[in-house]
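In what follows, a single structure is set out as structure tokens and then discussed.
All chains are named by letter (A, B, ...) in the order of the sequence lines, taking the proteins before the strands, and each is independently numbered beginning at 1. Since this is a predicted model, take the numbers as computed values, not measurements.
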Number of protein chains: 2
Amino acid sequence: MLTKTEERYLKAIYKINELWPSLVSTNALAHKVRTSAASVTDMIKKLAAKELVFYEPYKGVRLSAQGVAIATQLVRKHRLWETFLVQKLDFEWSEVHEIAQHLEHIPSEKLVQQLDRFLDYPKFDPHGDPIPNAEGKFTLREQLLLSRLEVGQSGTLVRVKSQQNDFLRHLDKLQISMGCTIHILERENYDQSMLIQIDNHHTVMLSKQISIMLFVRPA
Amino acid sequence: MLTKTEERYLKAIYKINELWPSLVSTNALAHKVRTSAASVTDMIKKLAAKELVFYEPYKGVRLSAQGVAIATQLVRKHRLWETFLVQKLDFEWSEVHEIAQHLEHIPSEKLVQQLDRFLDYPKFDPHGDPIPNAEGKFTLREQLLLSRLEVGQSGTLVRVKSQQNDFLRHLDKLQISMGCTIHILERENYDQSMLIQIDNHHTVMLSKQISIMLFVRPA
DNA sequence: AAATTTATTTAGATTCATCTAAATATTTTT
DNA sequence: AAAAATATTTAGATGAATCTAAATAAATTT
């Protein structure tokens with residue numbers, strides 16, 4: 001049985017590796033779990049002793065097959081709970097990440113299974129992230145960074161790249177929500193900001209910073 | 001902010017005190033939280049320093065008003081989660097206690113509130129235990145130990161006194177479930193066992209041991 | 001009331017996850 | 001390739017929750 005902390009590290013390694021597929025550095029991991037590099041080294045050794053990661057001192061760490069399996073189940077639980085909180089308990093998408101961080105560590109195979117069934121086996125969570133099934137498999141959708149769309153093109157918002165509270169609440173303010181249609185009206189060359197129209201309705205300026213955080217399915 | 005362990009102790013004191021309204025002894029508490037008396041003494045001092053309990057060395061411990069408030073909220077969360085697991089996720093009443101032990105420590109005021117709403121403000125959990133509301137108040141129903149009913153009398157099962165897995169599964173086997181009608185047909189004098197009829201249908205022998213674990217509302 | 005038994009507390013050690021500071025390895029700059 | 005900067009590991013300490021063993025207090029028995 002793993003401690004909550006061990007699970008946190010495994011999932012952090014998984015997530016970093018998802019973005020940057022290579023050995024995960026001690027520092028990157030320390031940043032992700034908000035602790036010191038020294039603590040990370042300690043924990044990595046523990047996980048290596050349990051054969052959940054492969055570790056080469058000074059080089060970095062990567063998950064073993066077993067480590068991947070555990071991390072995937074954590075991601076599954078996290079995303080199912082987020083879906084539950086939004087769909088059933090009327091939470092905002094900006095509120096659920098933190099609570100799901102706790103819920104994902106509740107130990108019960110049956111709980112996840114029944115939750116999945118209760119939600120009718122959702123494939124994506126409120127942020128558009130894919131939900132692994134019981135076997136750890138998940139669907140990848142066609143997706144493209146909004147910043148890559150050309151002027152004149154349109155896309156449907158299918159995923160956001162950050163769960164940060166203030167980022168999501170900013171999107172709320174702009175009335176940008178999952179599934180909305182975004183049409184590119186203009187693009188400024190000097191700062192890559194873009195003028196967009198949302199759901200054929202209102203028009204807003206989007207900074208590059210934001211446009212690289214949104215995934216769309218091109219129309 | 002309290003640790004999960006501190007919360008466990010507070011709730012344990014609350015529950016022991018509920019059954020035996022007096023100072024809670026170190027040993028009783030040690031037994032309840034399955035640890036040593038020495039550990040309990042340590043923890044009690046910590047809780048006393050936080051003014052959540054009043055502690056007299058060698059005499060015992062009792063909750064302060066603040067301690068009662070926290071314990072009551074834990075009971076509330078525990079019972080709401082149990083209700084959720086049975087009503088929404090199709091768990092058996094014998095399976096939910098352990099999972100709820102974990103869920104009750106998830107920190108989020110809004111989570112409890114929304115869960116309560118989602119369940120439509122239930123007053124009792126699957127074992128018939130009253131669910132405190134957000135203010136900590138709960139309803140007491142008229143209830144009587146089944147063992148106190150006379151031959152010829154009937155009652156409706158409204159509460160069970162234990163959450164133990166094997167006890168509840170034994171009731172399942174006897175087809176005794178919450179809300180069923182129990183009619184006393186005979187009582188043996190030498191061991192206080194009773195012959196009962198359930199829902200005007202099948203007939204079984206109940207040992208005293210079991211009859212003192214069931215609360216009924218007399219018909 | 002003294003002796004014995006039982007309950008409780010104290011003392012000292014252990015494990016987990018963390019920290020800071022110092023040492024060492026690696027990478028980058030010059 | 002040497003120097004400087006950065007990243008990583010080691011060493012030693014800390015706080016939380018636990019343990020065992022020993023000391024002490026309270027309750028019970030004789």
Side-chain angles (χ1 to χ4, degrees), chain A residues 1-14 16-17 19-20 22-63 67 70-71 74 101-102 104-107, chain B residues 1-14 16-17 19-20 22-63 67 70-71 74 101-102 104-107:
Chain A
M1 201 49 195
L2 300 180
T3 66
K4 190 174 161 172
T5 310
E6 289 169 328
E7 290 190 341
R8 268 205 311 143
Y9 275 82
L10 289 176
K11 198 179 129 193
I13 296 167
Y14 180 89
I16 294 168
N17 195 250
L19 291 177
W20 243 306
S22 66
L23 285 186
V24 170
S25 75
T26 302
N27 256 5
L29 195 43
H31 181 258
K32 188 84 175 177
V33 302
R34 294 165 195 288
T35 187
S36 68
S39 305
V40 169
T41 302
D42 284 348
M43 180 53 78
I44 282 174
K45 285 180 186 167
K46 251 181 72 181
L47 295 174
K50 294 188 178 185
E51 302 197 323
L52 299 171
V53 301
F54 300 114
Y55 169 49
E56 276 195 83
Y58 294 103
K59 305 207 68 180
V61 78
R62 75 184 168 84
L63 295 176
I70 293 170
L74 287 168
Q101 289 289 39
H102 294 283
E104 75 190 22
H105 298 291
I106 304 287
Chain B
M1 203 49 196
L2 299 181
T3 68
K4 189 173 161 171
T5 310
E6 289 169 328
E7 290 190 340
R8 268 205 311 143
Y9 275 82
L10 289 177
K11 198 178 127 191
I13 296 167
Y14 180 88
I16 294 168
N17 195 251
L19 292 177
W20 240 305
S22 66
L23 284 187
V24 170
S25 76
T26 302
N27 255 6
L29 196 42
H31 182 258
K32 188 84 174 180
V33 302
R34 293 165 197 289
T35 186
S36 68
S39 305
V40 169
T41 303
D42 283 349
M43 179 55 77
I44 282 174
K45 286 180 186 166
K46 251 179 72 180
L47 295 174
K50 294 186 177 185
E51 303 197 320
L52 299 170
V53 301
F54 300 113
Y55 170 49
E56 275 195 83
Y58 293 103
K59 305 209 68 181
V61 78
R62 75 186 169 81
L63 295 176
I70 293 169
L74 287 167
Q101 289 287 41
H102 294 282
E104 76 190 23
H105 298 290
I106 304 288

query: Just checking T35(B): base, sugar-phosphate only, or nothing, at a heavy-atom cut-off of under 4.0 Å?
result: sugar-phosphate
- prompt: Given atom NZ of K59(A) and atom C1' of dA25(C), what is their separation to the nearest angstrom?
  reply: 13 Å
- request: Starting at atom CE of M43(B), determine the distance to atom P of dT10(C), rounded to an integer number of angstrom.
  value: 16 Å
message: Rounding to an integer number of Å, can you tell me how far I44(A) CD1 sits from dT8(D) P?
response: 9 Å
task: Inspect the surroundings of NZ in K59(A) and state if more than 12 heavy atoms from other residues, nucleotides or ligands are less than 6.0 Å away.
output: no
field: Length of the line joining L2(A):CG and dT15(C):P, which is rounded to integer Å
entry: 19 Å
- request: Report which part of the nucleic acid T26(B) touches: base, sugar-phosphate, or nothing (heavy-atom distance under 4.0 Å, all strands).
  value: sugar-phosphate
- request: Could you tell me the separation between the CG atom of N27(B) and the P atom of dA7(C), rounded to a whole number of Å?
  value: 6 Å
field: Atom-to-atom span, CD of E6(A) to P of dT18(C) - whole angstrom
entry: 10 Å
Nucleotide dC16(C), atom C1' - distance to NZ of K4(B) in whole Å: 15 Å
query: With a non-hydrogen cut-off below 4.0 angstrom, is S39(A) in contact with a base, only sugar-phosphate, or nothing?
result: base
message: Taking the nucleotide of DNA chain C with the nearest heavy atom to each, does Y58(A) or T3(A) sit closer to the 5' end?
response: T3(A)
task: Can you tell me the distance, in whole Å, between the NZ atom of K45(A) and the C1' atom of dT9(D)?
output: 7 Å
task: Report yes if at least one side-chain N or O of Y9(A) is closer than 4.0 Å to OP1 or OP2 of dT18(C); otherwise report no.
output: yes
